[in-house]
Participant: 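Got a structure for you, written out below as structure tokens; questions coming shortly.
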Amino acid sequence: MNVKERLAGAIARAAAAAVSDGALPQGALPEVFLEVPPEKSFGDYATNFAMQAARTLKANPRKIAEAVVGRIEFPWLDRAEIAGPGFINFFLKPDWLHELLQEILDAGPAYGNTQSGGRQKVQIEFVSANPTGPLHVGHGRGAAFGSALANLMSAAGYDIQKEFYINDAGNQIDNLAASVEARYLELLGQTVEFPEDGYHGKDIIDTAQRIIDNSGSRYLLVSPAERREIFKQIALEEKLAALKEDLESFGVTFDVWFSERSLFADDAVAAACAQLREKGFAYDKDGAFWLRSTAFGDDKDRVIIRDNGVPTYFASDIAYHDNKFRRGFAKVINIWGADHHGYIPRMKAAMAALGYDPERLEVLILQMVSLYQGGELVKMSKRTGQGVTLSELIEEVGRDAARYFFIMRSLDSQLDFDLDLAKSHSNENPVYYVQYAHARIASIFRQMAEAGVAFDSSAKADLSCLTSAWELDLIRKIGDYPEEIAAAARDRAPHRIARYAHELAGLFHSFYNGCRVLGVEPELTTARLALVTASQRVLRHSLGILGVDAPEKM
RNA sequence: CUGCCCGUAGCUCAGCUGGAUAGAGCGCUUGACUACGAAUCAAGAGGUCGCAAGUUCGAAUCUUGCCGGGCAGGCCA
């Protein structure tokens with residue numbers, strides 16, 4: 001439990017005491033929120049508690065503040081002042097930051113991990129790109145975000161499972177097979193009409209070529225239907241393997257790869273449909289089978305099974321999400337592109353119809369990515385196969401920069417990805433700013449070893465000689481980290497960690513510039529090495545959440 | 001026409017439960033390497049928070065209406 005939480009507890013206790021001894025009227029007390037005030041003269045922490053309580057207690061905020069201040073008991077508190085309309089500003093004893101740093105060091109390399117998630121079982125499904133072509137930069141954003149969110153929520157004490165849903169059934173896969181077949185025939189000299197909804201990517205031609213390399217022209221002899229079935233299987237395996245490889249080289253792995261086909265093989269789709277019918281939320285009309293999603297706030301009812309008997313993708317999605325909840329997840333998080341946001345109401349409706357609380361399904365929408373190069377928009381389209389793929393992007397700007405750029409913005413703002421900026425190995429690039437701080441620290445330890453300075457990070461140092469603003473601000477920031485993890489996880493907002501890491505790096509660079517670590521009095525060197533150790537751990541931990549390397553040298 | 005997201009400094013974006021003088025990076029101006037990495041630091045200029053009402057002691061934040069940009073509105077995915 002950190003200082004802030006303990007102080008908040010002390011405030012709540014003081015307020016409760018004031019109520020029980022009659023100094024304040026009876027009434028519900030609001031939750032205590034502490035903030036770091038905008039100015040140092042307002043103390044170390046401040047709260048608007050008295051102003052909030054003024055509403056529920058119908059009392060003068062300054063009176064409430066006085067009652068709280070008069071009753072508060074907190075070991076590190078130096079003094080509390082009432083300011084403005086009713087803020088309470090808390091000034092802590094100078095030593096509190098030294099004790100805080102000691103606690104941080106005692107926590108070891110895992111410092112930052114919290115239990116705020118309460119081991120809640122949460123599944124995060126992301127990317128889930130159709131295995132019909134290479135990943136593009138939009139998938140990259142989802143992949144970077146999803147994996148960072150998983151890291152973040154794991155650090156915050158959630159029990160996380162990452163899943164990729166393989167769309168290996170339905171139209172698009174048939175189109176894939178037909179596209180490969182067309183390329184195959186073309187390569188063998190036949191003139192064919194390319195399928196209207198076919199995939200034009202070069203990778204399709206490559207696949208056809210590999211089939212020829214391996215098996216020659218023998219598939220000319222089998223029936224078209226059988227040929228397409230074979231090509232479908234070959235292409236699927238190949239595309240899936242390529243997908244996995246791309247993702248792995250982007251630092252993204254999954255615990256489960258879930259096949260859509262398996263839902264049909266297990267009759268899960270039929271079972272889900274039967275259940276919906278039984279519960280009275282699905283019906284037959286015009287030869288099709290419909291979900292009565294309007295019963296749960298959707299704009300219109302939706303077709304689950306077409307009049308030709310073929311299930312829509314929605315049918316397997318319902319079965320899939322039913323399957324997820326049956327696996328015991330408290331929360332199921334889906335990360336979708338903005339172009340799918342219209343499906344949220346029907347998906348939630350389906351879950352409600354099956355009897356699940358739709359709140360347990362969280363759909364996070366990521367806005368579109370635009371690539372800019374030389375100040376110009378790079379257009380992309382999967383259909384025509386033009387545009388920048390994820391692997392090209394990684395090759396171009398590097399894994400770390402790509403991940404950082406994808407993660408550093410909040411999900412719901414459209415992302416302008418500046419290729420030139422991401423590529424530049426210079427001070428313009430925020431990734432290197434953070435990584436440089438880590439590398440500098442590593443360099444200090446190398447120098448230390450060379451100079452024969454002894455330092456044991458687990459030994460207690462006299463930290464009280466850390467007195468400059470550079471040192472104290474840095475400790476303060478490091479002390480905020482667990483809370484930042486908890487808040488970012490709660491808000492599903494890994495970009496906050498990117499920001500935090502950047503701010504921490506900034507404070508470290510200032511410290512580094514203002515304070516020598518090596519070559520000063522031995523006690524001061526030891527204390528500063530302790531501070532540097534803590535800084536390095538938190539930098540590494542936060543970069544780890546982002547999936548960005550923490551280099552020793554660069 | 002309807003729904004969702006966005007509109008904050010020249011550019012790209014933060015801004016947590018409504019709170020004190022609205023922040024960061026880049027870019028721009030000016031300084032700092034004869035000691036741990038200058039991919040760094042220090043200082044400065046730069047904003048009617050799209051517009052207008054409303055709620056409130058108090059609004060970038062909540063509500064409504066407009067304006068502008070993006071994305072959706074299939075028995076496509």
Side-chain angles (χ1 to χ4, degrees), chain A residues 30-33 35 37-39 41-42 46 48 51-52 54-55 61 83-87 89 130 132 167 170-172 175 197 286-290 299-300 302-308 310-314 317 337-345 365-368 370 372 375 405 408-418 421 424-437 439-448 450-451 453 483-484 487-488 490-491 493 495-496 498-499 502-503 505-506 508-520 525 528 532 553-554:
Chain A
E31 195 181 342
V32 179
F33 287 102
E35 58 173 4
E39 235 183 279
S41 65
F42 294 153
N48 62 353
M51 284 131 83
Q52 300 294 346
R55 280 196 193 173
F87 288 101
N89 295 332
N130 288 335
T132 51
N167 290 104
N171 271 336
Q172 71 278 11
N175 287 340
D197 296 324
D286 302 334
F289 184 58
W290 299 68
D299 294 337
K300 49 182 110 164
R302 309 289 174 175
V303 169
I304 304 175
I305 298 175
R306 301 178 178 94
D307 57 9
N308 62 8
V310 178
T312 61
Y313 82 96
F314 186 40
D317 263 359
D339 51 341
H340 286 68
H341 77 267
Y343 298 92
I344 299 173
I365 293 301
L366 58 92
Q367 297 298 319
M368 298 288 144
S370 306
Y372 284 85
F405 272 62
M408 73 178 174
R409 301 303 181 204
S410 82
L411 259 208
D412 45 28
S413 75
Q414 291 170 33
L415 180 63
D416 285 349
F417 195 117
D418 185 337
L421 179 61
S424 75
H425 287 234
S426 75
N427 58 350
E428 298 172 343
N429 196 327
V431 193
Y432 298 113
Y433 185 80
V434 180
Q435 290 184 317
Y436 186 55
R440 265 185 155 175
I441 291 171
S443 178
I444 292 174
F445 285 118
R446 282 194 299 270
Q447 295 278 339
M448 181 194 83
E450 241 170 73
V453 176
E483 191 189 346
E484 192 61 29
R490 178 200 63 207
D491 297 343
H495 75 275
R496 289 179 56 155
R499 264 194 118 63
H502 195 267
E503 287 164 7
F508 177 79
H509 285 310
S510 296
F511 157 78
Y512 182 89
N513 206 257
C515 304
R516 280 202 59 84
V517 177
L518 302 175
V520 292
T525 286
R528 285 181 174 164
V532 166
K553 292 181 180 175
M554 49 193 291

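The model shown is predicted, which means the values in this text are computed figures rather than measured ones. Letters A, B, ... mirror the listed sequences (proteins, then strands); counts begin at 1. Side chains are part of it too, since the values below use all heavy atoms of this structure and drop only hydrogens, waters and symmetry mates.
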Participant: Given B/A14, is OP1 or OP2 found less than 4.0 Å from the side-chain N or O atoms of A/S410?
Facilitator: yes
Participant: Rounded to whole angstrom, note down the C1' distance from B/G3 over to B/G58.
Facilitator: 33 Å
Participant: If I take atom CG in residue A/D418 and atom P in nucleotide B/C13, what distance separates them, rounded to the nearest angstrom?
Facilitator: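 The distance from CG of A/D418 to P of B/C13 comes to 10 Å, rounded to the nearest Å.
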Participant: Please name the nucleotide paired to B/A42 by Watson-Crick or G-U wobble geometry with both distances under 3.5 Å, or report none.
Facilitator: B/U30
Participant: Ignoring hydrogens and geometry, is there a side-chain-to-backbone donor-acceptor pair from A/D416 to A/S370 under 3.5 Å?
Facilitator: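 Checking the backbone N and O of A/S370 against the side chain of A/D416, no donor-acceptor pair under 3.5 Å is found.
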Participant: For the side chain of A/R409 and the backbone of A/Q414, is there at least one donor-acceptor N/O pair under 3.5 Å apart?
Facilitator: no
Participant: From the set B/C36, B/C75, B/U56, return the single nucleotide nearest to any side-chain atom of A/R55.
Facilitator: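 Output: B/U56.
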Participant: In whole Å, measure the gap between the C1' atoms of B/U55 and B/C62 for me.
Facilitator: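 It comes out at 8 Å once rounded to the nearest Å.
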Participant: Kindly point out which of B/C36, B/C76, B/A20 is positioned nearest to the side chain of A/N171?
Facilitator: B/C76
Participant: Who is the Watson-Crick or G-U wobble partner of B/C1, with both distances under 3.5 Å?
Facilitator: B/G73
Participant: Toward the 5' end of RNA chain B, which comes first, A/I365 or A/L421, by nearest nucleotide?
Facilitator: A/I365
Participant: In terms of side-chain heavy atoms of A/R490, which of B/A20, B/G19, B/C16 is nearest?
Facilitator: B/C16
Participant: Would you say that A/Y512 contacts A/I444 through its side chain, given a criterion of any heavy-atom pair below 4.5 Å between the two side chains?
Facilitator: yes
Participant: Side chains of A/F511 and A/V532, heavy atoms from C-beta outward: is any pair under 4.5 Å?
Facilitator: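 Contact flag for A/F511/A/V532 side chains = yes.
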Participant: So A/Q52 and A/F33, do their side chains get closer than 4.5 Å, heavy atoms only?
Facilitator: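 When only atoms from C-beta onward are counted, A/Q52 and A/F33 do not touch, as no gap falls below 4.5 Å.
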Participant: I want to know whether A/Y436 and A/Y433 have ring centres closer than 6.0 Å.
Facilitator: no
Participant: At under 4.0 Å between heavy atoms, what does A/M408 touch on the DNA or RNA strands: base, sugar-phosphate, or nothing?
Facilitator: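 Nothing, no heavy atom under 4.0 Å.
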Participant: Rounded to the Å, how far apart are A/Y372 OH and B/G27 C1'?
Facilitator: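 That distance rounds to 18 Å.
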Participant: Where each residue is assigned the nucleotide of RNA chain B containing its nearest heavy atom, which of A/R409 and A/K553 is assigned the position nearer the 5′ end?
Facilitator: A/R409
Participant: Could you let me know what B/G54 is paired to, Watson-Crick or G-U wobble, both distances under 3.5 Å, or none if it's on its own?
Facilitator: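 Because both required distances fall under 3.5 Å, B/G54 counts as paired with B/C62.
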Participant: Which whole number of Å gives the distance between the P atom of B/A59 and that of B/A53?
Facilitator: 14 Å
Participant: In whole Å, I'd like the distance from the CG atom of A/N48 to the C1' atom of B/A59.
Facilitator: 15 Å
Participant: To the nearest Å, give me how far apart CZ (A/F405) and P (B/G25) are.
Facilitator: 15 Å
Participant: Rounded to whole angstroms, how far apart are CZ on A/F87 and C1' on B/U17?
Facilitator: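 Distance check: A/F87 CZ to B/U17 C1' gives 13 Å.
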Participant: Do A/T312 and A/R306 make a side-chain contact, defined as non-hydrogen atoms from C-beta onward lying under 4.5 Å apart?
Facilitator: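 Yes. Closest side-chain heavy atoms under 4.5 Å.
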Participant: Got A/E35 and A/F42 here, is their nearest side-chain heavy-atom distance under 4.5 Å?
Facilitator: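 Answer no - side chains too far apart.
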Participant: If we ignore hydrogens and angles and just use 3.5 Å, is the side chain of A/N130 paired with the main-chain N or O of A/N167 as donor and acceptor?
Facilitator: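 Here the side-chain-to-backbone pair does not exist.
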Participant: Under 3.5 Å for both donor-acceptor distances, Watson-Crick or wobble: does B/G25 have a partner, and if so which one?
Facilitator: B/C11
Participant: When the P atoms of B/U12 and B/C1 are considered, how many whole Å apart are they?
Facilitator: 28 Å
Participant: Which label fits B/C33, syn or anti, where anti is any glycosidic angle not within 90° of 0?
Facilitator: syn
Participant: Just to be sure I understand the rule, does A/E39 reach a base, reach only the sugar-phosphate, or reach nothing, if contact means heavy atoms closer than 4.0 Å?
Facilitator: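 Result for A/E39 = base.
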Participant: Between B/A22 and B/G46, how far is it from one P atom to the other, in whole Å?
Facilitator: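 My reading of the P atoms in B/A22 and B/G46 gives 14 Å.
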Participant: Taking atom P of B/U17 as reference, at what distance in whole Å does atom CG of A/D491 sit?
Facilitator: 8 Å
Participant: Expressed as a whole number of Å, how far does the C1' atom of B/C41 sit from that of B/A60?
Facilitator: 32 Å
Participant: Give one of base, sugar-phosphate or nothing for A/E31, where a contact means two heavy atoms less than 4.0 Å apart.
Facilitator: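 It contacts nothing in the nucleic acid.
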Participant: Between B/G37 and A/R446, is there an OP1 or OP2 to side-chain N/O distance shorter than 4.0 Å?
Facilitator: no
Participant: Which nucleotide, in any strand shown, forms a Watson-Crick or G-U wobble pair with B/G68, with both distances under 3.5 Å?
Facilitator: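 Across any shown strand, B/G68 pairs with B/C6.
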Participant: Under 4.0 Å between any heavy atoms, over every strand shown, what does A/A439 touch: base, sugar-phosphate, or nothing? Just pick one.
Facilitator: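 Base contact.
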Participant: Considering only atom P, compute the distance from B/U48 to B/A52 and round it to an integer number of Å.
Facilitator: 13 Å
Participant: Base, sugar-phosphate alone, or nothing: which one does A/M448 contact when heavy atoms must sit under 4.0 Å apart?
Facilitator: nothing
Participant: With P as the reference atom in both, quote the distance from B/A24 to B/C67 in angstrom, rounded to an integer.
Facilitator: 35 Å
Participant: Touch check for A/A493, heavy atoms < 4.0 angstrom, all strands: base, sugar-phosphate only, or nothing?
Facilitator: nothing
Participant: Taking the minimum atom-to-atom distance to the side chain of A/H495, which one of B/C75, B/G19, B/G15 wins?
Facilitator: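 Closest nucleotide among those given: B/G15.
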Participant: Figure out the CG/P separation between A/D416 and B/A14, and round it to whole Å.
Facilitator: 11 Å
Participant: Give none if B/C16 has no partner; otherwise give the nucleotide forming a Watson-Crick or G-U wobble pair with it, both distances under 3.5 Å.
Facilitator: none
Participant: Look at the side chain of A/N429 and the backbone N and O of A/V431, then say whether any donor-acceptor pair between them is shorter than 3.5 Å.
Facilitator: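 Here the side-chain-to-backbone pair exists.
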Participant: Side-chain contact test, heavy atoms from C-beta onward, threshold under 4.5 Å: evaluate it for A/R446 versus A/K553 and give yes or no.
Facilitator: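 Yes. Closest side-chain heavy atoms under 4.5 Å.
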Participant: Treat primed atoms plus P, OP1 and OP2 as sugar-phosphate and everything else as base, then score nucleotides 40-46 of chain B 5' to 3': B for base contact with protein heavy atoms under 4.0 Å, S for sugar-phosphate contact only, - for none.
Facilitator: SSS----
Participant: Any side-chain heavy atom of A/L415 sitting closer than 4.5 Å to one from A/F405?
Facilitator: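 In short, these two side chains do not touch, never coming nearer than 4.5 Å.
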Participant: Could you run down nucleotides 68-73 of chain B 5' to 3' and tag each one B, S or - for protein heavy-atom contact under 4.0 Å?
Facilitator: -BSBSS
Participant: Indicate, with a heavy-atom threshold strictly under 4.0 Å, whether A/S443 touches base, sugar-phosphate, or nothing.
Facilitator: base
Participant: Measuring only between side-chain heavy atoms, which start at C-beta, is A/L411 closer than 4.5 Å to A/I365?
Facilitator: no
Participant: Once you apply a heavy-atom cut-off of 4.0 Å, does A/N89 come out as touching a base, just sugar-phosphate, or nothing?
Facilitator: base
Participant: Rounded to whole Å, please give me the gap between CZ in A/F33 and C1' in B/A20.
Facilitator: 18 Å
